[in-house]
Enquirer: 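Once you've had a glance at the structure underneath, I'll fire off some questions.
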Amino acid sequence: MSSKITIIGAGSVGSTIAYTLSNEDIASKIVMIDINKKKVAGEAMDIIQGASFRDPIEVVAGDYEDAAGSDIVIITSGIARKPGQSRIELTQTNVDILKGITPEIVKAAPNALYIIVSNPVDIMTYVFTKISGLPEKQIIGSGTLLDTARLRYALSEHFEVAQRNIHAYVMGEHGDSSFVPWSLAKISGASVDEYADMMKKYGKEFKDLDKDAMAEYVHKSGGKIIENKGATFYAVSVSVCRLCSLLLSAHNSISTVSTMLHGEYGIDDVCLSIPNLVGPEGATCKVPVPLADEEAEKLRKSAAMLKNVISQLEL
């Protein structure tokens, strides 16, 4: 596939995205940009030396002007939370970093599709949407894409069925206020409860599904990984690379990504994740699937939490 992808930020997430892309037939050229010129040069060199075992691909360390002509730009820049640092302090720091990056990269690649990965991703997506001047369809936050993958993995393990047979979503903030709309969760067209009942009739044995525990698994997974190894970057990188492949495909797909809402579910002027139609023209359409009343209220509460944080920032 002849496509050019630029990655801003060569930390663990940005570098792992570049490495994962280099092993897939998604991009023919990858440009890596970071304020630490020495590190990004080393990352690009390390990645390209392993690319001799695949079809030719170009991986280079560059500057903003080298992003010209990019089909996709992935923004991962930001710092991790420090001990004693409040969420607001962290958010303001990463917003300030994004404010410095945005005019430079948009000038170089005004027609690219942008994937925002930097955390807190919903707020960073909101800020980029507000200050970039780009059409909203070009801006996509990774949102609850990874959360949804975690949920489907857990359901797959519980029911011992392939993940491709599971359609279930995590919606809202990529964070503590996200939730699972169980009214939408399906396995081969049946609700999870219906599927469990059917399988039990055929002698399949598994424990009753603890939906609260399943949602907690989704919420706690990232924190547990950070506790064990210090950071998360493999699964999020695979998720972002999957999103890249959707954006470069011939047809649209539906994915839970973070975009600006305009009245859906009574929510306006905030970015969070609901199903979106994504494809070669970006995030072109929301898919406001019907939610149970209590689920819609959880989504509105998630939006309110994000708006509260945004109101305390200097944008």
Side-chain angles (χ1 to χ4, degrees), residues 140-225 232 234-247 249 251-259 264-265 272-279 283 285-302:
I140 303 164
S142 56
T144 59
L145 186 62
L146 175 56
D147 310 69
T148 294
R150 287 170 171 159
L151 172 64
R152 293 182 181 183
Y153 161 77
L155 288 171
S156 172
E157 289 292 295
H158 180 86
F159 288 110
E160 298 179 337
V161 64
Q163 292 185 43
R164 64 176 174 270
N165 299 130
I166 297 172
H167 285 82
Y169 305 95
V170 177
M171 293 173 60
E173 172 200 17
H174 174 57
D176 293 339
S177 68
S178 68
F179 69 99
V180 179
W182 289 108
S183 67
L184 303 177
K186 306 286 185 181
I187 302 177
S188 191
S191 73
V192 291
D193 295 330
E194 291 169 341
Y195 180 83
D197 290 341
M198 285 190 293
M199 291 300 98
K200 287 177 181 178
K201 289 179 181 178
Y202 284 94
K204 188 72 172 176
E205 294 183 3
F206 37 68
K207 295 179 180 178
D208 290 338
L209 180 64
D210 186 335
K211 294 177 181 177
D212 290 337
M214 191 68 64
E216 184 178 6
Y217 171 83
V218 173
H219 281 146
K220 302 296 185 182
S221 288
K224 184 64 175 178
I225 294 168
T232 64
Y234 294 134
V236 66
S237 298
V238 173
S239 298
V240 171
C241 291
R242 173 59 176 163
L243 182 53
C244 288
S245 70
L246 297 181
L247 294 175
S249 296
H251 300 290
N252 291 317
S253 297
I254 294 173
S255 186
T256 49
V257 292
S258 186
T259 56
E264 296 85 1
Y265 306 103
L272 46 66
S273 290
I274 66 171
N276 277 257
L277 205 63
V278 297
C285 182
K286 308 290 190 301
V287 186
V289 289
L291 297 175
D293 290 345
E294 63 271 20
E295 294 167 348
E297 184 58 29
K298 287 180 180 179
L299 188 64
R300 287 189 284 269
K301 286 182 178 179
S302 189

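The chain is numbered in sequence order, starting from 1.
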Enquirer: For Met171 and Pro181, work out which heavy atoms get closest and say how close.
Expert: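 In this case the closest contact between Met171 and Pro181 is SD-CG, 3.6 Å.
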Enquirer: Is a side-chain N or O of Asn276 found less than 3.5 angstrom from the main chain of Ile274, in a donor-acceptor match?
Expert: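 The answer is yes, because a donor-acceptor pair under 3.5 Å joins these two groups.
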Enquirer: Whether Glu295 and Lys298 form a salt bridge (side-chain N of Lys/Arg under 4.0 Å from carboxylate O of Asp/Glu) is what I want to check.
Expert: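 Not counted as a salt bridge, because no side-chain N and carboxylate O are separated by less than 4.0 Å.
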Enquirer: Checking Asn252 side chain against Leu277 main chain: does a donor-acceptor pair fall under 3.5 Å?
Expert: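 Such a contact is absent between Asn252 side chain and Leu277 backbone.
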Enquirer: Give the C-alpha distance, both sets of side-chain angles, the deciding distance and a yes or no for side-chain contact (heavy atoms from CB on, under 4.5 Å) between Trp182 and Asp193.
Expert: CA-CA 10 Å; Trp182 289 108; Asp193 295 330; over 6 Å; no
Enquirer: Please confirm whether the backbone N or O of Ala235 pairs with a side-chain atom of Ser239, one donor and one acceptor, at under 3.5 Å?
Expert: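 Yes: the side chain of Ser239 pairs with the backbone of Ala235.
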Enquirer: Any donor and acceptor pair, going by atom type alone, linking the side chain of Ser156 with main-chain N or O of Val161 inside 3.5 Å?
Expert: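 Yes.
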Enquirer: For Tyr153, is the OH atom crowded, meaning more than 12 foreign heavy atoms sit under 6.0 Å from it?
Expert: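 No, OH of Tyr153 has 12 or fewer neighbouring heavy atoms, counting only those of other groups under 6.0 Å.
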Enquirer: Above 12 or not: heavy atoms from other molecules or residues under 6.0 Å from OH of Tyr234?
Expert: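 No - once you tally the heavy atoms of other residues, nucleotides and ligands closer than 6.0 Å, there are 12 at most.
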Enquirer: Whether the Thr256 and Thr148 side chains hold a donor-acceptor pair (N or O, under 3.5 Å, no angle test) is what I'd like checked.
Expert: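 Judged by distance alone, the side chains do pair up.
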Enquirer: Under 3.5 Å, is there a donor-acceptor pair between the side chain of Thr144 and the main chain of Val170?
Expert: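 It does hold such a pair.
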Enquirer: Of the non-hydrogen atoms in Val287 and Tyr265, which two are nearest, and what is the gap between them?
Expert: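 Minimum heavy-atom contact is O-OH, 4.3 Å.
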Enquirer: Evaluate whether atom CD of Glu205 has more than 12 neighbouring non-hydrogen atoms of other residues, nucleotides or ligands under 6.0 angstrom away.
Expert: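 Atom CD in Glu205 is not packed in, count stays at 12 or less.
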Enquirer: Minimum heavy-atom separation for Pro288 and Glu264, please, with both atom names.
Expert: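 It is CB-CG, 4.5 Å.
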Enquirer: Mind checking the CG-OG spacing from Asp293 to Ser183? Nearest 0.5 Å is all I need.
Expert: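 OG of Ser183 is found 10.0 Å from CG of Asp293.
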Enquirer: Can you name the nearest heavy-atom pair linking Ser178 to Ser302, along with the distance?
Expert: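 That closest heavy-atom pairing would be N-OG, 4.5 Å.
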Enquirer: What is the distance from atom CE of Met199 to atom OG of Ser188, rounded to the nearest 0.5 Å?
Expert: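 It comes to 8.5 Å.
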Enquirer: If you count every heavy atom of other residues, nucleotides or ligands that lies below 6.0 Å from Lys224 atom NZ, does the total exceed 12?
Expert: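 No.
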Enquirer: Can you check whether Ala168's main-chain N or O pairs, donor with acceptor, with Arg152's side chain at less than 3.5 Å?
Expert: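 Side chain of Arg152 to backbone of Ala168, a donor-acceptor pair under 3.5 Å: yes, one is there.
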Enquirer: Would one find more than 12 heavy atoms of other residues, nucleotides or ligands at under 6.0 Å from atom CG of Asp176?
Expert: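 No, because the 6.0 Å sphere around CG of Asp176 holds 12 heavy atoms or fewer from other groups.
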Enquirer: Assess whether side-chain contact (heavy atoms from CB on, under 4.5 Å) is satisfied between Ile140 and Leu247, documenting all intermediate values.
Expert: CA-CA 10 Å; Ile140 303 164; Leu247 294 175; 3.6 Å; yes
Enquirer: In terms of relative ring orientation, are Phe206 and His158 parallel, tilted or perpendicular, with 30° and 60° separating the classes?
Expert: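 Geometry flag for His158 against Phe206: tilted rings.
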Enquirer: Any donor and acceptor pair, going by atom type alone, linking the side chain of His167 with main-chain N or O of Leu184 inside 3.5 Å?
Expert: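 Such a contact is absent between His167 side chain and Leu184 backbone.
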Enquirer: Check whether more than 12 heavy atoms from other residues, nucleotides or ligands sit under 6.0 Å from atom NZ of Lys220, and answer yes or no.
Expert: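 No - once you tally the heavy atoms of other residues, nucleotides and ligands closer than 6.0 Å, there are 12 at most.
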Enquirer: Which heavy atom in Pro275 sits nearest to a heavy atom in Ile254, and how many Å separate them?
Expert: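 It is CB-CG2, 3.8 Å.
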Enquirer: Has the side chain of His174 got a donor or acceptor atom that lies under 3.5 Å from a matching backbone atom of Leu145?
Expert: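 Not at all, since once roles are kept as given, no pair shorter than 3.5 Å links the two residues.
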Enquirer: Do Lys286 and Thr259 have side-chain heavy atoms sitting under 4.5 Å apart?
Expert: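 Answer yes - side chains close enough.
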Enquirer: Report the C-alpha distance between Leu151 and Ile166 in whole Å, list the side-chain angles of each, state the deciding distance to 0.1 Å, and finish with yes or no for side-chain contact (heavy atoms from CB on, under 4.5 Å).
Expert: CA-CA 10 Å; Leu151 172 64; Ile166 297 172; over 6 Å; no
Enquirer: Does Leu155 form a side-chain contact (heavy atoms from CB on, under 4.5 Å) with Tyr195? I'd like the steps, not just the answer.
Expert: CA-CA 12 Å; Leu155 288 171; Tyr195 180 83; over 6 Å; no
Enquirer: Shortest non-hydrogen contact from Ser273 to Ser258?
Expert: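 Heavy-atom minimum between the residues: OG-N, 3.4 Å.
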